Structure formats: structure tokens, C-alpha cells
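None of the values given here were measured: they were computed from a predicted structure.
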Amino acid sequence: MAIYSKLDDLLKHNLFQGKIKQGLEFLKDLSENDFADFEQGESKRMEIDGDEIFASLQKYKGKNPEEAMPEAHRKYIDLQYVLKGSELIRCIPLKDCVITVPYSEEKDICFLSGHPGTMLEMKPGRVVVLFPEDAHAPCIKTENTELIFKCVVKIAIED
């Protein structure tokens with residue numbers, strides 16, 4: 001049930017409440033200055049609400065499609081947002097995948113293979129909301145090889 005849209009449109013239509021809305025509001029206020037104090041290939045964690053909502057700011061160049069392994073999470077919803085640059089994210093229904101690397105409780109991730117899925121083009125201002133049912137292979141390079149500034153907000157799923 002991935003939701004792919006422009007961030008401004010998701011906020012304008014007020015589709016989400018609670019923690020997801022808080023994560024979207026955080027994305028709205030991001031700027032390139034937030035990415036200034038770390039290097040390409042590094043990431044920076046930003047606290048929003050402890051382990052309930054936090055952000056990972058990332059700065060990198062995209063991968064070749066065959067290098068991007070589909071992944072899935074159980075404890076967190078991902079809000080993946082590109083501030084600068086562009087990439088592709090392959091989205092696949094989890095039910096159409098086969099687990100290739102078992103789930104790690106500590107890292108909240110498993111890796112998968114299977115169905116080719118659907119490619120989403122992530123340009124500045126675009127966001128994709130990924131639920132546990134949504135396997136995804138992020139960080140796939142486009143024809144443009146510029147540096148990508150991306151933020152992944154992690155939203156804890158309520159028990």
C-alpha cells in the first residue's frame with residue numbers, strides 16, 4: 001500500500017494524523033544546511049520523538065539496479081524523501097517476495113528477492129510512504145549521477 005506523492009500535496013490534503021503527520025511536517029522544514037556537517041557516504045540521525053520517530057539524513061550517489069536489494073521492515077514505517085538529486089525506488093508487494101537474508105530484530109530489516117515491482121522516480125519534493133507490506137529497493141541511480149540528499153523518517157508502528 002505504498003503512497004507516492006509530492007510532499008506538499010500530502011500535507012495539503014491532510015491525509016495523515018499523529019506520528020506520520022509529524023514526520024511529514026519534519027520533512028517540510030528540511031534544508032540543504034541540514035546536510036552540511038557530514039560527508040558523502042555518511043548519514044546523520046536526527047531525533048524527532050526518540051525511537052518513536054527519528055530521521056536518517058543521507059548523502060550519496062545512487063547504486064546500479066542490480067546492487068539494490070529489496071528490503072522490508074516490521075517495526076517502522078518509512079517516509080523516504082529526496083531533497084536534492086534524483087533516484088529510483090523499486091516497490092514490491094512483500095507477499096510477492098522471497099526472503100534471502102532473514103529478518104534482524106536488532107536492525108529491523110530483512111532482504112528479499114522476487115517480483116520486479118514498480119519503479120518510482122524520486123525527485124526533489126517527492127515522498128514515498130512505505131508500510132511493512134511494502135518491500136523496497138531504494139537508492140537506484142538515474143541517468144543523472146549527481147549527489148543525492150535524502151531523508152528517511154522512521155515511524156514506529158503502534159502495537
For the residue pair [X] and [Y], what are the closest heavy atoms and their distance?
{"X": "Arg90", "Y": "Pro70", "result": "NH2-CG, 3.4 Å"}
{"X": "Ser31", "Y": "Leu83", "result": "C-CD2, 3.5 Å"}
{"X": "Asp51", "Y": "Ala156", "result": "O-CB, 4.0 Å"}
{"X": "Pro138", "Y": "Ala68", "result": "O-CB, 3.7 Å"}
{"X": "Asp29", "Y": "Asp34", "result": "O-OD2, 4.2 Å"}
{"X": "Leu88", "Y": "Lys141", "result": "CD1-O, 4.1 Å"}

Just how far is it from atom [atom1] of [X] to atom [atom2] of [Y], taken to the nearest 0.5 Å?
{"X": "Lys84", "Y": "Glu32", "atom1": "NZ", "atom2": "CD", "value": "4.5 Å"}
{"X": "Met119", "Y": "Ile92", "atom1": "CE", "atom2": "CD1", "value": "8.5 Å"}
{"X": "Lys75", "Y": "Glu106", "atom1": "NZ", "atom2": "CD", "value": "8.5 Å"}
{"X": "Lys59", "Y": "Glu39", "atom1": "NZ", "atom2": "CD", "value": "6.0 Å"}
{"X": "Leu79", "Y": "Lys19", "atom1": "CG", "atom2": "NZ", "value": "11.5 Å"}
{"X": "Glu25", "Y": "Ile20", "atom1": "CD", "atom2": "CD1", "value": "13.0 Å"}

| message | For Cys91 and Tyr4: C-alpha separation, side-chain torsions, deciding distance, then whether side-chain contact (heavy atoms from CB on, under 4.5 Å) applies. | response | CA-CA 10 Å; Cys91 292; Tyr4 170 69; over 6 Å; no
| query | Which one of Glu87, Lys123, Arg126 satisfies the side chain to side chain contact (heavy atoms under 4.5 Å, CB included) criterion with Val82? | reply |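 That would be Glu87.
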| request: Go through the steps for Phe131 and Ile157 under the test side-chain contact (heavy atoms from CB on, under 4.5 Å), then give the verdict. | output: CA-CA 9 Å; Phe131 297 92; Ile157 296 171; over 6 Å; no
| message | Around atom NZ of Lys44, are there more than 12 heavy atoms from other residues, nucleotides or ligands closer than 6.0 Å? | response |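 It does: Lys44 NZ has more than 12 such atoms within range.
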Any non-hydrogen side-chain atom of [X] less than 4.5 Å from a side-chain atom of [Y]?
{"X": "Lys63", "Y": "Ile140", "result": "no"}
{"X": "Asp134", "Y": "Asp78", "result": "no"}
{"X": "Tyr103", "Y": "Asp108", "result": "yes"}

| request: Determine, step by step, whether Lys154 and Ile53 satisfy the side-chain contact (heavy atoms from CB on, under 4.5 Å) criterion, reporting the C-alpha distance in whole Å, the side-chain angles of both residues, the deciding distance to 0.1 Å, and the verdict. | output: CA-CA 6 Å; Lys154 305 293 273 185; Ile53 310 171; over 6 Å; no
| field | Chi angles and distances behind the side-chain contact (heavy atoms from CB on, under 4.5 Å) call for Glu71, Val101 | value | CA-CA 9 Å; Glu71 61 188 58; Val101 177; over 6 Å; no
| message | For the residue pair Lys150 and Tyr60, would you count it as a cation-pi contact if the rule is NZ or CZ under 6.0 angstrom from the ring centre and within 45 degrees of the ring axis? | response |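 No cation-pi geometry.
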| Between Tyr76 and Phe54, does the ring centroid distance fall short of 6.0 Å? |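 Here the rings of Phe54 and Tyr76 have centres that are less than 6.0 Å from each other.
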| query | If two hydrophobic side chains count as joined below 4.5 Å and joins carry through other members, does Leu11 share a cluster with Phe16? | reply |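 Yes, it is one cluster - the side chains of Leu11 and Phe16 are joined through contacts under 4.5 Å.
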